[in-house]
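Below is one structure, written out as structure tokens; the observations come after it.
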Amino acid sequence: GVSIAAVDGADGSAVTGFSDGDWLRLADIAFPEALPNRVVLRRASGATGSTMMRIRLNSPSGLVIAEAAVGSTGGWNVWSICYCSRHT
């Protein structure tokens, strides 16, 4: 399952262990009146294949506000920036 751990190259803690269907809850995030146009994430993955990452409001089945395809970045310690466009 999902956990938070120290990871080489992460500049601190990172969320690890995502599998299909897993989700992460972040609490107390204050958005401005209008939702942002994009979300910027730093990620690393050595997984084969590709999947979609979705950012939702309020619950695992809530409104999708951003999404992006996630595939291998070349390894679990090879970091890249992912820009998730606002989903409307």
Side-chain angles (χ1 to χ4, degrees):
V2 178
S3 63
I4 298 176
V7 176
D8 290 341
D11 297 328
S13 297
V15 178
T16 65
F18 273 103
S19 296
D20 189 34
D22 285 347
W23 59 276
L24 173 71
R25 178 179 183 259
L26 302 174
D28 299 323
I29 296 175
F31 288 109
E33 281 287 321
L35 291 174
N37 288 325
R38 69 179 180 175
V39 175
V40 181
L41 302 171
R42 192 164 173 251
R43 63 188 174 88
S45 173
T48 58
S50 180
T51 190
M52 290 298 291
M53 175 184 61
R54 292 181 179 88
I55 300 173
R56 297 177 179 266
L57 290 180
N58 302 320
S59 76
S61 59
L63 175 69
V64 176
I65 61 168
E67 64 184 352
V70 177
S72 178
T73 60
W76 298 109
N77 293 318
V78 179
W79 295 87
S80 69
I81 300 293
C82 176
Y83 298 96
C84 302
S85 297
R86 181 174 163 186
H87 189 274
T88 54

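Sequence positions, counted from 1, serve as the residue numbers for this chain. All of these numbers come straight from a predicted model, not from anything done at the bench.
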Would a hydrophobic clustering, with Ile, Leu, Val, Met, Phe, Trp and Tyr connected at side-chain separations under 4.5 Å, put Ile4 with Val2?
-> yes
Please check if Leu63 and Ile55 belong to a single hydrophobic cluster, counting links between Ile, Leu, Val, Met, Phe, Trp and Tyr side chain heavy atoms closer than 4.5 Å.
-> yes
Nearest non-hydrogen partners of [X] and [Y], listed with the distance:
X	Y	result
Ala5	Thr16	CB-OG1, 4.4 Å
Ala44	Trp76	CB-O, 3.3 Å
Gly62	Arg56	O-NH1, 2.8 Å
Leu41	Cys84	CD1-SG, 3.9 Å

Are a donor atom and an acceptor atom from the side chains of Ser45 and Thr73 found within less than 3.5 Å of each other?
-> no
So CD1 of Ile65 and CG of Leu57: to nearest 0.5 Å the spacing works out to 4.5 Å
Taking the side chain as C-beta and beyond, is there a heavy-atom pair between Ile81 and Val40 under 4.5 Å?
-> yes
So do the side chains of Val70 and Cys82 get within less than 4.5 Å of each other, counting heavy atoms only?
-> no
